[in-house]
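A short write-up of the structure that comes next.
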Amino acid sequence: MKILLNNKSLSNSLRPFKDIGFVPTMGGIHKGHLSLIKKSNQMCKKTIVSIFVNPKQFNNKEDLKKYPLNLNNDLSILRKSKKIDFIFLPHFDDIYENKKKSKIYINKKDKILCAKFRNGHFEGVLDVMNRLTKLIKPKKIFMGQKDFQQFYLVKRYLKNRYKSIVIPCKTIRDKNKVALSSRNQLLKRSELIIASKLSRKVFELKKEIKKQRNIKKFLIIKKNEIQKILKIKIEYLELRNITNLEISETLNRSKIFVAYYINRIRLIDNF
Ligand code: AMP
């Protein structure tokens with residue numbers, strides 16, 4: 001596992017290889033990340049993982065400040081996995097050395113779910129993914145479906161610009177059905193229990209939805225109900241079609257998307 005600390009060593013080290021699988025992360029490595037790495041390892045000859053907490057995608061300074069970072073711990077987990085050829089640990093200037101201001105806009109139609117509530121977030125994500133893809137030139141990029149909207153927007157953005165293909169990977173959950181996330185490290189035990197209750201409730205909802213005539217109304221009622229019972233703030237709870245992310249009136253090719261706050265920690269998931 002070779003550690004690459006700047007663009008020069010990145011381009012020198014990757015030059016001989018064509019079949020590169022890329023797993024972008026912001027650190028706080030957990031089994032969700034490891035599942036992406038495993039898939040890359042199966043599908044590509046070489047695997048590179050990046051750890052870069054991209055300040056441009058944080059719409060909230062407090063969120064960036066408390067984002068869990070423990071590089072030594074991450075490197076030790078990644079080394080043990082024995083599945084990684086390269087780790088890229090760029091500095092801000094490696095990514096943003098090309099000062100050209102990127103013109104990335106999210107259409108009005110796409111200002112839904114997290115794009116509606118996190119102003120500038122996906123513009124920052126697309127910007128960094130554009131820059132990382134240009135530098136690494138991977139054959140495949142592995143992204144988690146836990147962040148489905150991110151996967152959807154990145155795939156569409158890169159499609160006409162690069163040959164790299166974005167591969168979706170399934171969500172890894174803990175034994176209590178909570179989707180693994182670096183942000184879970186910020187939760188107390190009692191808060192993790194609330195996250196687990198939320199997950200179980202939304203899994204149940206998915207079964208109940210089949211019997212509903214007016215799904216939109218049903219989800220509004222359930223959103224209020226869950227907020228009251230779990231004493232949390234739910235930002236959105238919506239059934240959307242996974243091919244275009246439009247509001248869906250059927251379970252067919254659709255998922256329930258949820259974003260919620262437990263105290264000041266914002267979590268997202270889809271079911
Ligand atoms: P992050 O470090 O949170 O930016 O995540 C890096 C990548 O790991 C993204 O493509 C995420 O969607 C993916 N990921 C995060 N959590 C999970 C999970 N529980 N299961 C599968 N993939 C995940």
Side-chain angles (χ1 to χ4, degrees), residues 21-44 47-60 63-64 66-71 73-75 77-78 81 83-84 87-90 95 113-115 118 121-122 124-133 136 138 140-158 164-187 192 195-196 198-199 202-203 242 245 255 257-259 265-271:
F22 172 37
V23 180
T25 82
M26 297 208 299
I29 298 298
H30 51 67
K31 285 184 182 152
H33 297 123
L34 294 180
S35 74
L36 271 53
I37 291 165
K38 190 170 168 201
K39 199 152 178 182
S40 169
N41 210 249
Q42 288 163 350
M43 294 177 74
C44 303
T47 290
I48 178 165
V49 176
S50 66
I51 298 181
F52 178 61
V53 180
N54 174 33
K56 297 210 175 188
Q57 72 187 66
F58 284 82
N59 53 316
N60 175 332
D63 188 24
L64 173 61
K66 67 184 178 206
Y67 199 81
L69 242 194
N70 186 341
L71 193 55
N73 192 45
D74 285 350
L75 290 177
I77 299 172
L78 293 171
S81 83
K83 290 193 161 40
I84 300 156
I87 304 266
F88 185 37
L89 303 176
I95 301 297
L113 303 171
C114 289
R118 297 188 71 188
H121 167 64
F122 286 120
V125 169
L126 294 180
D127 191 3
V128 79
M129 284 307 296
N130 182 35
R131 290 166 188 269
L132 284 167
T133 306
I136 294 173
K140 297 189 175 71
I141 302 172
F142 296 85
M143 300 189 78
Q145 297 201 49
K146 188 193 83 79
D147 304 283
F148 192 90
Q149 191 178 15
Q150 168 175 275
F151 151 74
Y152 172 88
L153 291 172
V154 169
K155 187 176 176 83
R156 199 180 62 188
Y157 186 82
L158 297 182
S164 314
I165 300 167
V166 182
I167 310 278
C169 304
K170 77 169 207 269
T171 301
I172 306 298
R173 298 177 180 279
D174 69 14
K175 62 178 190 313
N176 298 314
K177 305 222 185 311
V178 179
L180 299 184
S181 164
S182 310
R183 284 192 166 87
N184 293 358
Q185 293 179 31
L186 303 171
L187 299 176
L192 257 178
S196 156
L198 181 287
S199 295
V202 184
F203 271 119
I242 54 168
L245 286 188
K255 278 171 171 278
F257 291 84
V258 64
I265 312 300
R266 185 177 186 276
L267 300 168
I268 59 170
D269 202 347
N270 57 80
F271 299 81

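Start at 1 with the first residue, then count along the sequence. Here the structure is a predicted model, which means the values were calculated and not measured. Ligands are counted one by one from 1 in listed order, and the atoms in each one are counted from 1 as well. These values consider heavy atoms only, across backbone and side chains, with no hydrogens, waters or symmetry-generated copies.
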Inset, instruction - Before accepting this row, confirm whether a basic side-chain N of the pair Lys31/Asp174 lies closer than 4.0 Å to the acidic partner's carboxylate O. - result: no
Are there any protein N or O atoms under 3.5 Å from the N or O atoms of ligand 1? List them with distances, or say none.
from	atom 1	to	atom 2	distance (Å)
ligand 1	2 (O)	Met26	N	2.9
ligand 1	2 (O)	His33	NE2	2.9
ligand 1	5 (O)	His33	NE2	3.4
ligand 1	10 (O)	Gly144	N	2.9
ligand 1	12 (O)	Gly144	N	3.2
ligand 1	12 (O)	Gly144	O	3.2
ligand 1	12 (O)	Asp147	OD2	2.6
ligand 1	16 (N)	Leu180	O	3.3
ligand 1	19 (N)	Ile172	O	2.9
ligand 1	19 (N)	Leu180	N	3.4
ligand 1	19 (N)	Leu180	O	2.8
ligand 1	20 (N)	Ile172	N	2.9

Inset, instruction - Indicate, with yes or no, if the rings of Phe58 and Tyr67 have centres closer together than 6.0 Å. - result: yes
Legend entry - Heavy-atom side-chain proximity of Lys177 to Phe203 below 4.5 angstrom: yes
Inset, instruction - Would you please indicate if the ring centroids of Phe22 and Phe142 are separated by under 6.0 Å? - result: no
Legend entry - Electrostatic pair Lys255:Asp269 at N-O distance under 4.0 angstrom: no
Legend entry - Salt-bridge present (Arg118, Asp63; N to O < 4.0 Å): yes
